[in-house]
Amino acid sequence: MMQICTALLLVLILDSATVLGQTPKLSKYVQPFSGTSPSTTPASQHIEDKTERLANTIPAVAPPFAMTQWTPQTQLSEKKCLAPFYYNDKTIYGFRGSHWISGSCTQDYGSFTIMPVAGKLKTTPLTYGAAYTHDEEVSSPSYYRVNLPKYNLKVEMTATLRCGVMKITALKADSVYVLVTPNSDQAKGAIDINSKTGEISGYNPVHRIYQGTGQAAGFNGYFFIRIKRQFENSGVFTEDKVYQSASIQNKKDLGAYAGFKLRKGETILLYSGTSFTSVASAKLNLEAEVKNMTFEQVVSTTTLAWEKSLSQIALTDKNERKKRIFYTALYHAQQHPRLFNDVDGAYPAFSGNYQIKKMDKGDYYDDFSMWDIYRAQLPLVELLKPDLANAYAKSIILKGTQGGWLPIFPCWNSYTVAMIGDHSTAFLASVYHKGIRDYDIVEGYRLMRQNAFVMPDSADYLDGKGRRGIDSYLKYGYIPMEDSIPNAFHKKEQVSRTLEYAYDDYALATLAKDLGNTDDYLTLMKRAGNYKNVFDKFVGMVRGRYIDGKWYHPFNADRREPYITEGTPRQYTFYVPHDIPGLIEIMGGAKKFEKELDSIFTKKEYWHGNEPGHQIPFLYNYTSSPWKTQLQVAKILEEEYSDGPGGLSGNDDAGQMSAWYIFASIGFYPVDPVSGNYQLTAPHFKQIDITFKNGKILNIETIQENNKAQFISKVMLNGEVLKDNQISYRQLTSGGKLTFYLRN
């Protein structure tokens, strides 16, 4: 079935792309349904919590890093952890302009849905939902199509950065109604319909979660729709009650409808603009981005945008399945962070209570799933799209300036304190050290330093500002078990917080040194060693600790303990990315360190479906057995990723899981992104060509001494042998030839 869909999709894309004289080569490999059903990878099957086997991606139609993604809708709610679409659902309830964070367990917000029905008008989901089959469905990054047999309608979608275009075709003559619904779970929002102009507009209020749950986020999701066909009739509704009026607001399941009479083969074209500032801006975005383009021209334009982006990494390999997995990963790694400003630069102020700001130049972004993506997804952006990474850095600093504190995990343009750590600091240090610097680093440093040294007042702290547990951390050099971190979504988790703050202190220390703040540098580098304060040498692992220095009992190395975040003590012991030599020393030396690494895999305690252990397979590079990195990485690439809807083994988390695959499969991974160094492993492909924004090209070649060779004998960059099993950002982006020689 997947092969049939791929063939149909390729024909469609080839037809549409000829409008601009281009033939797509890479987007044909992308499988937008990947991760939309429970994982089928072998390694995921032993996980008891089935929710952790959901990648929670959606078949998103939009250019890379767009404001709004467009998806078929098989779930009606904006409820937390419920994606708008699941492959195994049997009913479509419309087509959503979505702000779902791909692969997450958060919430959709500010979304709206368009649903066509035929025959009699229906306004409740139980009556208008339509069964469908995947045999009559085609999905790509730039185009989606499905038939709805219940209504004898064909629906097609495409999109620009801020807008969507939908084509509805009647497969037989009938009355057709288009329903438009803001997706508020709180019975809020509004919608207006104008039968004379063919326009529908409205908004869906956004609410916070994780901190300030249920409070207004200070902005709305706005939409403006223009339908290029005269209405036969129109009105509004709430649940099953229909009114012949032009507007409705703050009612349960509210919406508007427009009626048409179509002959067989006739179409309705809907042009939808979206915005986070106003209906007028949604209209402006539509007029600026779509203008007079036809549906097919929009498909072609967005197809070309994806071709350009995907082609930054070109693969040569006979294994088509591996190409499908790779380019699907590259697609998933380019969904977020989300474009947030209108074409004129306007955007809602961060945590701003409905204030509007305007960019003087460049774009403003939001939805930084920071605990996840600072590890690999943001480093991938730094490598391939440094201008975009710069916009991210500028956006994060603007958030801190506007809200008063650097945000920990900025999503839905608000403070959240979701997850742990302070990794906006790690990201800003990472981009700065890579020479990406077109933003106010002095203001950025002030904000980062404030997070690291100051406890907010009670009101700010309750609002989600500042590091959780910073007062305990500063006082004791670790967060003791007595501090349960009550004002956070993730409570307790004291050891994991200590470890991650130690990394963030190191990151800030590197900036302090570059900026000449010597006293801060010395203080922060000392604090970067705080990971040692929660390492119990008796058990050889990290462990919960009390104020008096005593250790938490009982000790269970391989169970989820209250002081560990989404993992176990054994797994989190290896989270010291900035000081692996120091970790090796306190663990008893390189041989002991290697033995403990082995135990992760022999005990089957490595869980790739979550982030805390993503660096672990690469740590063998710090031992005398770097071949074990190559062995374990190859195994993970084969077992944890597949093609088809179940091809991801855990939450994709805004593209982090996918970015891991991309890095690992091309031969290097950023264990410590701040350092600018990447740990080497054997590439998964014969030939890889990476084109950087500076115009340089890196040719990566794998030479095997025979077909079974999988271990590195040497790596050469431009004729020079690389040492220490690593390569730097500067070396990569300077281009040239990187050759991996593999032996048995």
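Counting begins at 1 with the first residue of the sequence.
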4.5 Å side-chain heavy-atom contact, F295 and L269: yes
Would you say that Y243 contacts T238 through its side chain, given a criterion of any heavy-atom pair below 4.5 Å between the two side chains? yes
Quick one: CG on L286 to CZ on R162, what's the gap to the nearest 0.5 Å? 12.0 Å
Counting heavy atoms not belonging to K228, are there more than 12 under 6.0 Å from its NZ? yes
Euclidean distance, Y128 OH relative to T124 OG1, rounded to 0.5 Å: 7.5 Å
Would you name the heavy atoms of P141 and V30 that are closest together and state the gap between them? CG-CG1, 3.7 Å
Assess whether side-chain hydrogen bond (donor to acceptor under 3.5 Å, both in side chains) is satisfied between S142 and T302, documenting all intermediate values. CA-CA 5 Å; S142 58; T302 302; over 6 Å; no
Atom NZ of K80 with >12 non-hydrogen neighbours under 6.0 angstrom: yes
Under 4.5 Å between any side-chain heavy atoms of P456 and W405, yes or no? yes
Note: V417 and A488 closest approach over all heavy atoms is CG2-CA, 4.2 Å
Any non-hydrogen side-chain atom of K394 less than 4.5 Å from a side-chain atom of Y364? no
Has D366 got a side-chain atom pairing as donor or acceptor with W412's backbone, closer than 3.5 angstrom? yes
Please report the closest heavy-atom contact between S414 and R208, naming both atoms and the distance. OG-CG, 3.9 Å
Closest approach of L648 to A55 (non-hydrogen atoms, all atoms of both residues): CB-CB, 3.7 Å
Test ring-ring contact (aromatic ring centres under 6.0 Å, His included) applied to F112 and W70, F224, F95, the passing residue: W70
Listed partners of Y331 passing ring-ring contact (aromatic ring centres under 6.0 Å, His included), at least two apart: W306
When F368 is tested against each of F409, Y392, F65 for ring-ring contact (aromatic ring centres under 6.0 Å, His included), which residue passes? Y392
List the steps and the verdict of side-chain contact (heavy atoms from CB on, under 4.5 Å) for I200 and I191. CA-CA 7 Å; I200 305 172; I191 195 165; 3.8 Å; yes
Is there a side-chain contact between I168 and M166 in this structure, where contact means two heavy atoms from C-beta onward sitting under 4.5 Å apart? yes
Spell out, as yes or no, whether a donor-acceptor pair under 3.5 Å connects the side chain of N651 to the backbone of S104. no
Is there a side-chain contact between N413 and K399 in this structure, where contact means two heavy atoms from C-beta onward sitting under 4.5 Å apart? yes
Carefully, step by step, assess Y365 and S395 under the rule side-chain contact (heavy atoms from CB on, under 4.5 Å). CA-CA 6 Å; Y365 289 85; S395 298; 4.1 Å; yes
Under 3.5 Å, side-chain donor or acceptor atoms of residues 169-183 against the rest of the protein: list the pairs with distances, not counting sequence neighbours.
from: N183; atom 1: OD1; to: T113; atom 2: OG1; distance (Å): 3.3
from: N183; atom 1: ND2; to: S111; atom 2: OG; distance (Å): 2.9
from: N183; atom 1: ND2; to: T113; atom 2: OG1; distance (Å): 2.9

How close do S140 and V61 get, heavy atom to heavy atom, and via which atoms? O-CG2, 3.8 Å
Please step through side-chain hydrogen bond (donor to acceptor under 3.5 Å, both in side chains) for the pair E307 and S27, ending with a clear verdict. CA-CA 6 Å; E307 286 294 316; S27 56; 2.7 Å; yes
Short side-chain to backbone donor-acceptor contact, D653 and I373, under 3.5 Å: no
Step-by-step side-chain hydrogen bond (donor to acceptor under 3.5 Å, both in side chains) determination, S369 to Q656: CA-CA 9 Å; S369 189; Q656 167 59 26; over 6 Å; no
K150 atom NZ, neighbour heavy-atom count above 12 within 6.0 Å: yes
Would you say the side-chain atoms of K385 pair up with the backbone N or O of S309, donor to acceptor, closer than 3.5 Å? no
Assert yes or no for the condition that the ring centre distance of F231 to F260 is strictly below 6.0 Å. yes
Kindly indicate, with the supporting measurements, whether the criterion side-chain hydrogen bond (donor to acceptor under 3.5 Å, both in side chains) is fulfilled by S658 and D652. CA-CA 7 Å; S658 293; D652 196 41; 2.9 Å; yes
Measure from the ring center of Y415 to the ring center of F350 and say whether it is less than 6.0 Å. yes
Angle between ring planes, F340 versus F276, binned at 30° and 60°: parallel, tilted or perpendicular? parallel
If you define the side chain from C-beta out and look only at heavy atoms, does anything of T74 sit under 4.5 Å from Y87? no
List the steps and the verdict of side-chain contact (heavy atoms from CB on, under 4.5 Å) for T68 and H99. CA-CA 6 Å; T68 302; H99 304 119; 3.0 Å; yes
R468 and I420, any side-chain heavy atoms less than 4.5 Å apart: no
Check for a donor-acceptor pair, side chain of E566 on one end and backbone N or O of M419 on the other, with a separation under 3.5 Å. no
Strictly distance-based, threshold 3.5 Å: is any side-chain N or O of R338 a donor or acceptor partner for the main-chain N or O of W100? yes
Test: R96 and E78 ion pair at under 4.0 Å: no
The test is side-chain contact (heavy atoms from CB on, under 4.5 Å); show your working for Y257 and N233 and say whether it passes. CA-CA 8 Å; Y257 70 90; N233 53 68; 3.6 Å; yes
Do you know the tightest heavy-atom contact between A83 and N56? CB-OD1, 4.1 Å
Return yes if some donor-acceptor pair links the side-chain N/O of T36 with the main-chain N/O of I58 below 3.5 Å, else return no. no
Quick check against the 3.5 Å criterion: does D367 have a side-chain atom that pairs as donor or acceptor with the backbone of P337? no
Distance (rounded to the nearest 0.5 Å) between F219 CZ and S351 OG: 10.5 Å
Kindly say whether S102 contributes a backbone atom to a donor-acceptor pair with the side chain of T57 at under 3.5 angstrom? no
Residues passing the side chain to side chain contact (heavy atoms under 4.5 Å, CB included) test with K252, sequence neighbours excluded, are A187, E239
Just wondering, are more than 12 heavy atoms of other shown residues or ligands nearer than 6.0 Å to NZ in K188? no
Between Q297 (side chain only) and T294 (backbone N and O only), is there a donor and an acceptor less than 3.5 Å apart? yes
To the nearest 0.5 Å, atom CG of D344 lies from atom OG1 of T277 at 7.0 Å
Report the distance from atom OG of S275 to atom CG of N285, rounding to the nearest 0.5 Å. 5.5 Å
Partner of Q75 by side-chain hydrogen bond (donor to acceptor under 3.5 Å, both in side chains), out of D89, T91, D108: D89
Is the Y203 ring parallel, tilted or perpendicular to the Y222 ring (thresholds 30°, 60°)? tilted
Looking at K251, I want to see if its NZ is surrounded by more than 12 non-hydrogen atoms of other residues, nucleotides or ligands under 6.0 Å. no
